[in-house]
Amino acid sequence: MDYLETLNPSQRAAVTAPFGPVLVLAGPGSGKTRVLTYRIAYLIGVLGMRPFHIMAVTFTNKAAREMESRIAAVLGNQARGVTVGTFHAVCARILRREAEHLPFDANFAIADTDDQRRLVKSVLQELNLDPKRHSPNAMHAAISRLKNEGYFPEDFEPTSVGEERVRQIFDAYQKRLLASNLLDFDDLLLWTRYLLLHVPAARERYARRFQHLLVDEFQDTNMVQYDLVRLLGGHHRNIFVVGDADQSIYRWRGADYRNVSRFEKDFPDAQVVMLEQNYRSTQTILDAAMAVLAPLQGKHPKRLYTDRGRGEKIVVQRTYDDRQEARYVVETIATMIAGGQARPGDFAIMYRINAQSRVLEEAFLRAGLPYRLVGAQRFYGRREVKDVIAYLRLAHNPADEPSLMRVVGVPPRGIGTKTLATLRTVAQRAGLAPGTLLLHMAAAPADYQSAFGARAFKALLPFAQQLAQWYEASLSTPPVALMDMILQAVGYKAYITDDTEEGEDRWNNVEELRRLAARYEDEGLGAFLEEVALVSDQDTLKDDEDSPILLTLHAAKGLEFRYVFIVGLVEGVLPHSRSWEDHEEMAEERRLFYVGITRAKDRLFLTYPEERTWYGYSEPTEPSRFLDEIPHELLTGNDLERRKEAVAWAPARWEPEPAAEKVVQRFKAGDRIRHPRWGEGMIIGSRIRDGAEVVDVVFESVGLKRLDAALARLEKV
DNA sequence: GCATCGGATTTTTTT
DNA sequence: AATCCGATGC
């Protein structure tokens, strides 16, 4: 097999390991994805395993797709049928198939974060608890933590009054989920574990089916996921896990990197393979990474080495505020692209919290440079998108109460809190979910007339009839047709469009969702809804576009870029203030920074502002403690100068190009111009702001844009 | 039942 | 700054 020739000895040892438990400890950039894919190819191509018997669990759907195509590249058609997916996706598939053994229907929907919060809130209301004393967010976090540790409400034994309260809310929350035929993210894992524990026939069937298990990012599995691996693979023990405890960054989500050592203990005969050589970064970058990690290292500090050479120094750049910081990033990128040394897609800009993306986006927009923003929230978090999805979910699964509640007043149809309260009571008395009751009502209106006031009934009945019609249609109609039918019936377009640009945007988003739905002509509505529920942030990254990427440090895991900027390196942001008091959390911030650093192949830029905007106020900052830990000889940039000289009166902070004397207004309203990307357009306004000429241009191709005339290469025509 | 306004509250990270 | 929530008035 020629692909084996391309591996180093450790990689080959992992790929060709005999059956049985294997633990691969893989440092960043050590080729673990290759090892995983080749292992699968080896199992099939050399050892003759059937793809049907192999399951590989990845961290994102994107990684899963990539793995599938890479296996196919080695084996071709022979590889078809391997089960690849995230824990959540694989579990959802299993649960739908086995729903007869479980207290929900096969067409269950997946409750997103929003639904979960709504449910917790509504439970708090039901129990007459003051939301001031019991914050829904905190309650939900507590519930999720318990679930990640493997508890259903009935398994959890409270040891204090506070815990008893949590148990009570947990219990009601869980009942509400089931009444709506909903599972939350944690449930997908938890119910699968339940199935494997309590339905021996199912356990045997799946353990026999999946004779080889492979798990990526093992350090970020939680206890329930660990149990799943053991339940499925405990018998045949063909478990191949890959991980790096130093890249564990999801503790807050229940992940426990100690699963790595737990694995060694549970499978003492496991073959352990260390992948140490780094093929990604320069030695300078690796040295910085090691320095940041050093305080966490015990007796055997990790050694990262490469034969790529030292490479260039790391730039540490200090700016006046976050706007200047963003501008520094954009200008550096623009210069490097203009110099021909880099392509736009070579750059990534990473930050600790999503809110930081805003200033960056503005800077890119101003410069007229396209960018990509990674994050599912960006699209799926939009109100109009959620509305339409809620309609589809309701049609698919009328019992889905959060979706019903979301949709019932969109657009307003005379059904308010009072009517809904009655509906809920009537439904409860009939032992039905409110949505299900509406179906009954549509079928036999007369039976329900007396239960509601005349006015409420008059508002409710048409909606019930519509719902019945959609439900009927959902059974046979492809997603797009159903969507059109619903949008049409409720007059959604008119509802969200006014004559503003935002209205236009909203409708565009709906059309975008429609295009996504169109891909599910064959697979059907259920598949579409599941996909939508389980998209990860990374899944939203389009790799066919050549432009810089903005993403959180968390979302950067598993990716690599030639040039990496990590911005906002100040105390309170990285490390985040929430971690200040907790040793473990501080360690995780450190690992997060480490993950970010090790994404860089060629060059690393670390920046921080002396002032940041917070809740609309400006605040002075303190540089991140992590910066001080990187040895000076690895660094360059204005911050280093300052640290060396410590001369207070010679501020060396970065300032934008002193274009001051040059800033003459080149354009005026009415000028026709050409932009390299957007083609021809007309200037409708121009002014000088912050020493830059800002122009508003209407392009024939993309409409109105606001640009920095000095950066966007505009030509007069 | 619903639109509007003002005050409170929010931001960690995500399947 | 932006969103959410509750009170108010129609």
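Given the structure is predicted, the values throughout are model-derived calculations rather than measurements. Here is how names work: the chains are called A, B, and so on, in the same order as the sequence lines, proteins then strands, and each is numbered from 1.
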>> Heavy atoms only, 4.0 Å cut-off, all strands: where does A:Thr419 land among base, sugar-phosphate and nothing?
In response: sugar-phosphate

>> With a cut-off of less than 4.0 Å, is there a side-chain N or O of A:Arg413 near OP1 or OP2 of B:dG1?
In response: no

> Roughly, in whole Å, what's the span from CG in A:Leu373 to P in B:dT14?
Replying inline: 11 Å

>> Going by the rule side-chain contact (heavy atoms from CB on, under 4.5 Å), which residues pair with A:Ala289 if we only count those two or more places apart in sequence or in a different chain?
In response: A:Leu304, A:Tyr594, A:Ile597, A:Thr598

>> For a quick test of reading the model: is some side-chain N or O of A:Ser536 closer than 4.0 Å to OP1 or OP2 of B:dT15?
In response: yes

> Looking across every strand, which nucleic acid part, if any, lies under 4.0 Å from A:Thr417 by heavy atom: base, sugar-phosphate, or nothing?
Replying inline: sugar-phosphate

> Please give, in whole Å, the distance from C:dA1 P to A:Arg612 CZ?
Replying inline: 16 Å

> Looking at residues at least two apart in the chain, or sitting in another chain, which of them share a side-chain contact (heavy atoms from CB on, under 4.5 Å) with A:Glu622?
Replying inline: A:Glu571

> Whole Å only: how far is the CG atom of A:Leu188 from the P atom of B:dT14?
Replying inline: 19 Å

>> For a ring-ring contact (aromatic ring centres under 6.0 Å, His included) check, start with the C-alpha distance between A:Phe156 and A:Phe170, then their side-chain angles and the critical distance, and finish with the verdict.
In response: CA-CA 10 Å; A:Phe156 169 52; A:Phe170 184 6; 7.1 Å; no

>> I want to check a possible cation-pi pair here: A:Lys147 against A:Phe152, using under 6.0 Å from ring centre and within 45° of the ring axis as the test.
In response: no

> Given atom CG of A:Asp187 and atom C1' of B:dT15, what is their separation to the nearest angstrom?
Replying inline: 13 Å

> Do A:Phe626 and A:Leu606 have side-chain heavy atoms sitting under 4.5 Å apart?
Replying inline: no

>> Before you tell me yes or no, could you show the steps for A:Trp507 and A:Tyr492 under ring-ring contact (aromatic ring centres under 6.0 Å, His included), namely the whole-Å CA-CA distance, both residues' side-chain angles and the distance that decides it to 0.1 Å?
In response: CA-CA 9 Å; A:Trp507 182 246; A:Tyr492 195 72; 7.2 Å; no

> Can you list the steps and then say if A:Glu361 with A:Tyr371 is a side-chain hydrogen bond (donor to acceptor under 3.5 Å, both in side chains)?
Replying inline: CA-CA 8 Å; A:Glu361 284 186 80; A:Tyr371 63 90; 2.6 Å; yes

> Contact class for A:Arg251 vs. all strands (heavy atom < 4.0 Å): base, sugar-phosphate, or nothing?
Replying inline: nothing

>> Rounding to an integer number of Å, can you tell me how far A:Gln125 CD sits from C:dC5 P?
In response: 10 Å

> Quick one: A:Asp220 CG to B:dT14 C1', roughly how many Å, whole number?
Replying inline: 11 Å

> What string of B, S and - do you get for nucleotides 3-13 of chain B 5' to 3' if you count protein non-hydrogen atoms under 4.0 Å?
Replying inline: S-----SBBBB

>> Distance check needed: C:dT3 P versus A:Asp114 CG, whole Å only.
In response: 14 Å

> Could you give the CG-to-P distance, from A:Asn222 to B:dT15, as a whole number of Å?
Replying inline: 14 Å

> Expressed in whole Å, how much space separates the C1' atoms belonging to B:dT11 and C:dG6?
Replying inline: 23 Å

>> Please report the distance separating the C1' of B:dT13 from the corresponding atom of C:dC4, rounded so that it comes out in whole Å.
In response: 22 Å

